[in-house]
Amino acid sequence: MSRSTKPAARLRQGLTACAGALALLGAHSLALAQVQPGLKLSGFGTLGLTYMDSEQADFKGTFADAPNGAGRSGALSSKPDSRLAVQANYGFSEQLEAVAQLMTRHNNRNNYMPSLQILNLQYNFDRNNSLRIGRSPHPYFLASDYRLVGYANPFLRAPVEVNLQSMINSSDMLQLRHRQALVDGSLTLQLGYGTATFAGPSNDRSAVEDKGQFRRLLSLDLMYESNDLMLRLVHNRGVSDYEPSKAKPLFSRALADSPTLAQQLNLLDKRVNYTGLGAVYDPGGYIVQGEYTLIHWDQDGQTIVPNAQAFYLLGGRRFGALMPYAIYAKRWTAPAAVVTGFQNPAINAGMSLFSASSANEQHSYSLGLRWDFVANMALKLQWDRITVDSPAGASYLVNPNPLNPPRQGQHFQVLGLNLDFVF
């Protein structure tokens with residue numbers, strides 16, 4: 001792959017190599033091209049090894065629902081980033097196409113049971129307008145359409161401070177898409193409405209799955225693409241129905257103590273907003289990429305769910321098939337709520353502790369090297385230095401040691417080696 005190729009051309013080359021991933025890599029302008037009738041099979045994957053030298057917690061990596069990873073469970077693990085996906089695209093005509101994708105990876109039930117990531121129908125009215133219904137990657141991030149295709153991303157993994165702002169990978173929606181020329185590029189507008197389900201981590205395979213849902217999920221997605229520049233603005237608004245299994249006993253006691261306050265504090269039937277803004281500038285010899293995300297809960301009065309912000313900045317320089325890069329990322333939240341409205345002091349303490357544990361504040365520095373040593377395959381090495389910023393010690397590290405959990409100000413070193421490929 002030529003290092004001087006423009007971003008749009010590089011994406012097209014990736015699509016050629018990963019033809020079945022049109023719903024991922026080509027979810028915007030490229031997906032509006034004429035459909036090729038017949039069946040196409042393709043896929044992508046990542047073989048990853050992650051090392052963290054700590055017995056205080058685990059680094060879970062790419063997926064929000066992972067119950068464990070590298071560290072306390074074992075210094076070396078393949079769980080944080082490894083995955084394999086197979087996709088089938090079937091063109092019924094030059095306008096109508098069906099897409100289905102199965103993926104296997106370490107999941108919230110602590111196994112590798114394959115899951116259906118994509119299942120949709122798309123009809124292209126012309127090169128600039130389309131309608132899609134079914135399950136698709138949900139537009140939350142700059143690279144939502146292909147963020148799980150490791151080969152298509154410059155880094156080993158997207159910074160967890162931003163990437164784990166949402167537990168959702170895909171949604172079931174009706175989506176309308178329109179594209180038009182603008183200045184020296186194109187502007188794509190996508191509107192969607194539907195639902196999205198997700199599941200929290202569970203170390204107990206026999207436990208009832210810790211599921212949640214976003215209802216009445218409205219999505220606005222704007223993307224501008226030119227030769228060297230890509231800009232993306234996304235905004236999502238939906239109603240959350242989620243009650244972590246570990247918090248259910250606490251909320252049951254709270255409901256008996258003060259029903260009004262308990263209903264105000266829980267996460268059931270609460271409206272939440274998500275906004276993301278990202279940019280990539282890639283003239284060929286180097287790349288600059290950044291992203292900012294904001295989660296805001298529409299709750300009056302007391303709340304134990306903090307609003308959260310996160311961002312990262314990436315810079316990379318290409319030397320033939322090699323690209324060293326550096327990343328800085330940070331996530332921070334509103335101050336943790338101190339609850340005092342219940343008659344039982346133990347309930348107030350429990351609610352305040354739950355709020356503090358939801359902070360997940362941290363920042364990280366990363367250095368990495370990407371090597372495109374052969375067509376359709378890339379080897380990536382990345383070192384991360386993660387600092388816990390939450391006063392309560394909460395962070396995106398999981399499976400904490402109850403006798404010695406991560407604490408504010410502590411640093412953790414993570415080393416990852418990934419082989420990304422498409423076929």
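These numbers come from a predicted model, not from an experiment. Numbers here are sequence positions counted from 1.
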How would you list all residue pairs meeting side chain to side chain donor-acceptor pair (under 3.5 Å) that involve residues 325-342, not counting sequence neighbours?
Gln165-Arg331, Tyr325-Gln382, Arg331-Tyr396, Thr333-Glu361
Determine which pairs satisfy side chain to side chain donor-acceptor pair (under 3.5 Å) with at least one residue from residues 155-164, sequence neighbours left out, and list them in order.
Asp81-Arg157, Arg147-Asn163, Arg157-Asp384, Glu161-Gln362, Glu161-Ser364
Does [atom1] belonging to [X] count more than 12 external heavy atoms closer than 6.0 Å?
X      : atom1 : answer
Trp297 : CH2   : yes
Glu55  : CD    : no
Gln36  : CD    : no

Can you check whether Phe44 and Tyr151 have ring centres sitting under 6.0 Å from each other?
no
Which pair of heavy atoms, one from [X] and one from [Y], lies closest together, and at what distance?
X      : Y      : value
Ala199 : Asp65  : O-CB, 3.1 Å
Gly69  : Asp58  : N-OD2, 3.2 Å
Met351 : Ala254 : CE-CB, 3.5 Å
Thr303 : Ala337 : O-CB, 3.0 Å
Leu250 : Ile347 : CD1-O, 4.1 Å
Gly91  : Val35  : CA-CG1, 3.7 Å

CA sep, side-chain torsions, deciding dist, call: Glu97, Arg132, salt bridge (charged side-chain N to carboxylate O under 4.0 Å, His left out)
CA-CA 9 Å; Glu97 183 177 40; Arg132 183 166 63 191; over 6 Å; no
Do [X] and [Y] have side chains that approach each other closer than 4.5 Å (heavy atoms only, starting at C-beta)?
X      : Y      : answer
Met230 : Tyr224 : no
Leu116 : Leu102 : yes
Thr46  : Leu419 : no

I'd like to know if [X] and [Y] make a salt bridge, using a cut-off of under 4.0 Å between side-chain N and carboxylate O.
X      : Y      : value
Arg179 : Glu225 : no
Arg215 : Asp241 : yes
Asp372 : Arg318 : no
Arg237 : Asp298 : yes
Arg135 : Asp172 : yes

May I ask you to check whether [X] and [Y] show a side-chain donor-acceptor distance below 3.5 Å?
X      : Y      : value
Tyr281 : Gln289 : no
Asn344 : Asn348 : no
Gln122 : Gln175 : no
Lys60  : Asn68  : no
Asn236 : His138 : yes

What distance separates [X] [atom1] from [Y] [atom2], expressed to the nearest 0.5 Å?
X      : Y      : atom1 : atom2 : value
Ser78  : Leu47  : OG    : CG    : 9.0 Å
Leu417 : Leu156 : CG    : CG    : 8.0 Å
Trp371 : Leu322 : CH2   : CG    : 7.5 Å
Leu76  : Tyr51  : CG    : OH    : 8.5 Å
Ser136 : Asn120 : OG    : CG    : 3.5 Å

Begin from the C-alpha positions of Ser73 and Asn399 and carry the test side chain to side chain donor-acceptor pair (under 3.5 Å) through to its verdict.
CA-CA 8 Å; Ser73 298; Asn399 190 29; 3.1 Å; yes
Derivation and outcome, side chain to side chain donor-acceptor pair (under 3.5 Å), residues Thr293 and Glu291:
CA-CA 7 Å; Thr293 57; Glu291 190 167 3; over 6 Å; no
Suppose we screen for side chain to side chain donor-acceptor pair (under 3.5 Å). Which residues come up paired with Arg385, at least two apart in sequence or across chains?
His411
Just do the ring pair (Phe, Tyr, Trp, His ring centres under 6.0 Å) check on Phe214 and Tyr242 with the steps written out, would you?
CA-CA 8 Å; Phe214 284 106; Tyr242 180 56; 8.7 Å; no
Looking at residues at least two apart in the chain, or sitting in another chain, which of them share a ring pair (Phe, Tyr, Trp, His ring centres under 6.0 Å) with Phe155?
none
Of Thr62, Asn107, Thr50, Asn110, which is the lone residue that meets side-chain contact (heavy atoms from CB on, under 4.5 Å) with Lys79?
Asn110
Can you list every pair that meets ring pair (Phe, Tyr, Trp, His ring centres under 6.0 Å) and has a residue in residues 75-105, with sequence neighbours left out?
Tyr90-Phe92
Could you note down all residue pairs passing ring pair (Phe, Tyr, Trp, His ring centres under 6.0 Å) where residues 58-81 supplies at least one of them, sequence neighbours left out?
none
For the pair Phe125 and Tyr123, name the ring-plane relationship: parallel under 30°, tilted 30 to 60°, perpendicular over 60°.
perpendicular
